[in-house]
Amino acid sequence: MTSPPVTAPADSLPAAGTRGARAAWIMLASGWSANQFSALLGAYRGHLGLTESTVTGLFAVYVVGLIPALLVAGPLADRRGRRPVALTALALNILSTLLLMVGGVWGGAWPLLSGRFLTGVGAGALLAAGSAWIKELSGSPRRPGLFVSAGFATGGIAAALIAKWAPWPMVTAYVPHVVLGVAAGWLALAAPETAGPAPAHGSEAAHAHAVHRFRRTVLPLAPWVFTAPTIGFVTLPSTLHTGLVLTGVATAVVPGTGLLTARRAPSTPTSGLLAVAAGTATAAVAAATENEPLALLAAIVLGAAYGLTLAHGLTRTAALAPPHRLARWTARFWTAAYLGMFTPYVLTLLGHVTTTPVLLAAVALLALAHAGIGVCQARRTARRRIPAQAARVRRRSRETGGTPGGRATRRKVGERP
């Protein structure tokens, strides 16, 4: 029998915020674990002789473990508490890295598949429970995304540099994440639980309206969050056959730019989609001309697109979600976002039909079309809102007698108006 989670009282919120800043390092560990493998894709091809389809499959199996974990851990964190789910997920995250180290020693694909799958499970549960936990501790819906992005940026470049110059690269490249995960778990132990009880009463109409807005505006944008960066640090380096260091630089530049952008990003979906279109179009030209400096520029623009779309998605999710359902709504956003991680695999499969530059140009056109549809929907909503607001003003005016001060007056007989 498990004891109920202890929730931080109102008078301890400043202390909880301080401990929450320390607990946010678990999100950095989650991002680090995801991208440390991405930086080693070229090394796995060269050292272990894995085929292109096998390496791409190892990249995609991460998402196969992540999405079910998101869908399970979100509701579980709302019911049982964010803290126990997040700390358990961190333990799985560390265990998955140890499995990848075993795969590097044995040189087989099965330990690597198991490690990558478990990495997805641990990262998914961390994103669902940890994002809600850190948001409630810090009061900032962007902080979880910032720490995840920092992990994406530093994990990739660190793994690439270690694999380039350190001995036993398929083992030593993973050591920093194990150390980081243990340290982050120790820091997070001091943070309290934040999940509160569900409200006894609530407006069903308001909840239905929030669900409608979430499904119509947030979820359709979410897959672009990871479509942009995966093109930047998976598809482009693979197409241009870049070296290990340049691949590591790309895995650092894309989320690093996203981290800088997300800190001050405007909460608008159109800017993110336009950045996706610009970055993908630049990537198409770089792939057609095999121009590495242009590919680096495309990675920077795609990183900005990642930051813009991520900041908008997390901010809107936190604004629309009921507090007692924040973890599951956050999990739904991350689930839809991680569908974009399949983009490199889809582009690889379609590579038998046409060239990569053509496919990237098509992705750019899709992003432009999505931005145009979003602008049209926003204008249509604004036009509907204006008559509704005018009707409310007229109704309020009738109820108050029509005078500016809101008081009805009655003239005396014979009095001039």
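Side-chain atoms are counted along with the backbone in the values below, which use heavy atoms only and exclude waters and symmetry mates. In what follows, residues are counted from 1 in the order of the sequence shown.
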For the side chain of Thr315 and the backbone of His312, is there at least one donor-acceptor N/O pair under 3.5 Å apart? no
Should Ile67 and Leu339 count as side-chain neighbours, where that means a heavy-atom distance under 4.5 Å? yes
Kindly write out the residues that satisfy side chain to side chain donor-acceptor pair (under 3.5 Å) with Arg328, not counting sequence neighbours, or none if the list is empty. Asp78
Would you say Val148 and Leu28 make side-chain contact, with heavy atoms under 4.5 Å? no
List in chain and number order the residues that pass side chain to side chain donor-acceptor pair (under 3.5 Å) with Ser131, two or more places apart in sequence or in another chain; answer none if no residue qualifies. Trp334
To the nearest 0.5 Å, tell me how far Thr282 OG1 sits from Leu302 CG. 7.5 Å
Using 30° and 60° as the class limits, which term best fits the ring planes of Tyr338 and Phe226: parallel, tilted or perpendicular? tilted
Would a 4.5 Å heavy-atom cut-off, applied to side chains only, mark Arg142 and Leu314 as touching? no
Apply side chain to side chain contact (heavy atoms under 4.5 Å, CB included) to Arg82 and Leu326, showing your working. CA-CA 10 Å; Arg82 288 80 159 97; Leu326 178 60; 3.9 Å; yes
Does some side-chain heavy atom of Val211 sit less than 4.5 Å from a side-chain heavy atom of Trp329? yes
Across all chains, not counting sequence neighbours, the side chain to side chain contact (heavy atoms under 4.5 Å, CB included) partners of Leu359 are Leu347, Leu350, Thr354
Okay, side chain of Glu193, backbone of Arg83: is any donor-acceptor separation there less than 3.5 Å? yes
By the side chain to side chain donor-acceptor pair (under 3.5 Å) test, which pairs, at least two apart or in different chains, include something from residues 296-308? Ser149-Tyr306
Can you find a heavy atom in the side chain of Leu368 that is under 4.5 Å from one in the side chain of Leu274? yes
Qualifying residue, where the test is side-chain contact (heavy atoms from CB on, under 4.5 Å) with Thr309 and the options are Thr227, Val225, Thr261: Val225
Could you work out, with ring-ring contact (aromatic ring centres under 6.0 Å, His included) as the rule, every residue matching Tyr345, not counting sequence neighbours? none
Could you list the residues that satisfy side chain to side chain donor-acceptor pair (under 3.5 Å) with Thr280, not counting sequence neighbours? none
Report all side-chain donor-acceptor pairs from residues 167-192 shorter than 3.5 Å, counting only partners two or more places apart or in another chain.
unit_1, atom_1, unit_2, atom_2, d
Thr172, OG1, Pro167, O, 3.0
Thr172, OG1, Trp168, O, 3.0
Tyr174, OH, Tyr44, OH, 2.6
His177, ND1, Thr97, OG1, 2.7
His177, NE2, Ala29, O, 3.1
His177, NE2, Asn93, OD1, 2.8

Who pairs with Phe233 by ring-ring contact (aromatic ring centres under 6.0 Å, His included), at least two apart in sequence or on another chain? none
Tell me, do Met27 and Arg143 make a side-chain contact under 4.5 Å, heavy atoms counted? no
Check residues 115-127 and write down every donor-acceptor pair under 3.5 Å in which the side-chain atom is one partner and the other belongs to a residue at least two apart or another chain.
unit_1, atom_1, unit_2, atom_2, d
Arg116, NE, Leu58, O, 3.2
Arg116, NH2, Phe59, O, 3.4
Thr119, OG1, Ser96, OG, 3.0
Thr119, OG1, Gly115, O, 2.7

Output all residues satisfying side chain to side chain donor-acceptor pair (under 3.5 Å) with Ser114, sequence neighbours left out; order by chain, then residue number. none
List the residues meeting side chain to side chain contact (heavy atoms under 4.5 Å, CB included) with Pro357, not counting sequence neighbours, and say none if there are none. Ala287, Ala288, Thr355
Name all residues meeting the side chain to side chain contact (heavy atoms under 4.5 Å, CB included) criterion together with Thr154; count only those two or more places apart in sequence or in a different chain, and write none if there are none. Trp32
